[in-house]
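To find a chain, count down the sequence lines: A is the first, B the second, and so on, and within it residues start at 1.
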There are 2 protein chains.
Amino acid sequence: MSRYPKPSVTVDIVVFSIFDDHLKVLLIKRGRPPFEGRWALPGGFVEIDESLETAARRELAEETGLRITTLEQVHTFGDPGRDPRGRTISVVYCGLVQADQVSPKAASDAATVSWFSAFRPPALAFDHQQIIRCAIERLRQKLEWTTVGYELLPRRFTLAQFQRVYEIILQKPVDKRRFRRKILAQGELVEGGRARVPGSNRATKHYSFRRPHA
Amino acid sequence: MSRYPKPSVTVDIVVFSIFDDHLKVLLIKRGRPPFEGRWALPGGFVEIDESLETAARRELAEETGLRITTLEQVHTFGDPGRDPRGRTISVVYCGLVQADQVSPKAASDAATVSWFSAFRPPALAFDHQQIIRCAIERLRQKLEWTTVGYELLPRRFTLAQFQRVYEIILQKPVDKRRFRRKILAQGELVEGGRARVPGSNRATKHYSFRRPHA
DNA sequence: ACAAAAGTGTTGAGAGTACACCCATGC
DNA sequence: GCATGGGTGTACTCTCAACACTTTTGT
């Protein structure tokens with residue numbers, strides 16, 4: 001086809017989770033140059049016969065042991081110079097997981113996979129800092145007009161937990177009463193009985209999402 | 001870098017305009033296989049040292065003679081099989097132009113550049129039909145929470161023209177009074193005196209956008 | 001008793017919706 | 001004088017924002 005030199009094509013995956021009361025992003029420690037020893041987003045080269053989303057899923061599984069169901073394309077980054085090895089364009093996907101679905105130990109090398117604060121990540125390889133910022137922006141926009149949380153919460157959860165998800169992502173307080181009204185009015189939650197929550201002295205209603213999937 | 005075969009990387013550009021009371025999209029007729037003689041979006045291979053957006057601008061200018069200021073990345077399409085020549089991923093950009101900014105005659109071959117209905121384009125090469133649908137979807141979403149029209153309207157225009165832009169893109173009628181209130185409340189328009197409009201029998205207020213750009 | 005989280009309603013403001021008539025002018 | 005598009009206001013509903021107290025129970 002084109003006789004010109006081709007750029008390389010990669011996928012990078014921004015996986016968010018929420019635990020320890022913070023928005024976290026999953027990073028791996030690079031084992032080879034460039035940026036050896038630096039933290040980076042999981043990702044890698046797209047195989048010649050797989051779709052972009054498949055590539056993202058595969059790379060994520062290979063590098064972190066994480067199998068994720070819902071990935072969403074965010075943006076494509078392709079500035080010359082973003083990769084010192086040569087021209088590389090990266091298609092970025094974003095996914096959400098519930099904290100305890102993750103077993104970084106399943107990855108090839110557990111020590112190289114870890115969660116970090118999404119808002120204040122460590123020094124990152126390539127333009128990955130910018131990519132994360134872009135993904136956060138998208139996630140926030142999505143909160144405005146959709147119910148986000150299905151992938152982030154356990155099967156049964158309290159409204160307080162749900163609300164906290166919003167507060168953590170938006171980084172601003174949310175009115176309790178309005179939040180409950182709005183969410184319940186959506187009709188996507190179904191009551192699931194009461195239970196104790198550690199730290200509370202009162203039984204709390206639990207809920208789950210009506211639809212088993214997405 | 002990667003010793004595996006690399007996909008080719010292209011950009012495709014969806015340029016919308018409005019005239020003859022329809023949403024139009026700019027297409028070129030392919031001069032060589034595959035899909036020789038079929039209509040397609042302007043676009044082409046990304047050079048090894050130019051940014052994606054630059055590539056989009058360049059290809060658009062080369063193939064249509066159109067120089068456009070604001071391009072927005074929409075999505076990246078990369079399914080294997082979308083290009084019979086071999087694996088190709090395409091980063092899609094979208095732009096808006098005012099009808100009379102366009103002079104297809106400036107292109108290398110005028111006969112091969114033309115405007116078509118965006119909603120009912122002719123049979124297209126590759127997955128370009130799907131790409132156009134995706135771009136329309138994005139444009140509509142953008143209408144919901146932003147004022148779109150700066151690039152589509154002449155410097156001075158009437159509110160009726162502006163409203164028509166919305167109706168044509170959304171494909172549904174818009175209430176005249178609400179539209180005027182909403183737009184004027186935004187404070188982004190500035191009055192520009194009255195003038196006659198052909199087809200009307202009364203002088204009409206004209207407006208322009210406050211900010212010269214963006 | 002008290003600390004800690006759960007749960008609950010009302011009010012006011014602004015935005016969206018629906019809707020119909022007079023105005024100025026060219027013909 | 002009539003046909004054509006230009007221009008305007010009101011009433012209703014709904015959604016969003018702001019706001020504080022009572023309940024339950026473990027310690």
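- Using a 4.0 Å heavy-atom cutoff across all strands shown, A:Arg194 reaches sugar-phosphate atoms only and no base atom.
- Using a 4.0 Å cut-off, no side-chain N or O of B:Arg177 falls inside it from OP1 or OP2 of C:dT17.
- Between the C1' atom of C:dA3 and the CG atom of A:Asn201 lies a distance of 8 Å, rounded to the nearest Å.
- Atom CZ in B:Phe157 sits roughly 14 Å away from atom P in D:dG6 (whole-Å rounding).
- B:Thr76 and A:Thr76 form a side-chain donor-acceptor contact under 3.5 Å, judged by distance and modelled atom types alone.
- B:His206 has its NE2 atom 11 Å from the C1' atom of D:dG6, to the nearest Å.
- Put simply, CZ on B:Arg180 is 18 Å from C1' on C:dT17, counting in whole angstrom units.
- In summary, the side chains of B:Asp79 and A:Ser51 do not present any donor paired with an acceptor at a separation below 3.5 Å, with no hydrogens or angles considered.
- For the residue pair A:Gln186/A:Thr147, the side-chain donor-acceptor check at 3.5 Å is satisfied.
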- [ ] Carefully, step by step, assess A:Arg58 and A:Glu62 under the rule salt bridge (charged side-chain N to carboxylate O under 4.0 Å, His left out).
- [x] CA-CA 6 Å; A:Arg58 176 185 52 75; A:Glu62 284 178 13; 3.1 Å; yes

- [ ] Under 3.5 Å for both distances, Watson-Crick or G-U wobble, that's the pair rule; now give the dot-bracket for DNA chain D, with | marking pairs to another strand and [ ] for crossing ones.
- [x] |||||||||||||||||||||||||||

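- Residue B:Phe162 contributes atom CZ, which lies 18 Å from atom C1' of D:dG6 at whole-angstrom precision.
- Contact annotation for A:Lys176: base contact, defined as any heavy-atom pair under 4.0 Å involving a base atom.
- Taking atom CZ on A:Phe179 and atom C1' on D:dC16, their separation rounds to 15 Å, with Å as the unit.
- Between B:Arg181 atom CZ and D:dT8 atom P there is a gap of 12 Å when expressed in whole angstrom units.
- In summary, the aromatic rings of B:Phe126 and B:Phe35 are positioned with their centroids under 6.0 Å apart.
- Within the 4.0 angstrom heavy-atom criterion, no nucleotide atom of any strand lies near A:Lys182.
- Distances shorter than 4.0 Å separate none of the side-chain N or O atoms of A:Arg178 from OP1 or OP2 on C:dG9.
- A:Gln163 has its CD atom 13 Å from the P atom of C:dA5, to the nearest Å.
- Taking side-chain N and O atoms only, B:Arg202 has no distance below 4.0 Å to OP1 or OP2 of C:dC23.
- Set against D:dA17, C:dC19, C:dA5, the side chain of B:Asp175 has C:dC19 as its closest nucleotide.
- Between D:dA17, D:dG6, C:dG7, one nucleotide has an atom nearer to the side chain of B:Ser200 than all others, and that is D:dG6.
- For the side chain to side chain contact (heavy atoms under 4.5 Å, CB included) test with B:Ile68, the passing option among B:Leu96, B:Leu26, B:Ile13, B:Leu60 is B:Leu60; the others fail.
- Across all strands shown, A:Ala160 has heavy atoms under 4.0 Å from sugar-phosphate atoms exclusively, and none from any base.
- Ring geometry, A:Phe209 versus A:Phe157: the interplanar angle falls from 30° to 60°, so the pair is classed tilted.
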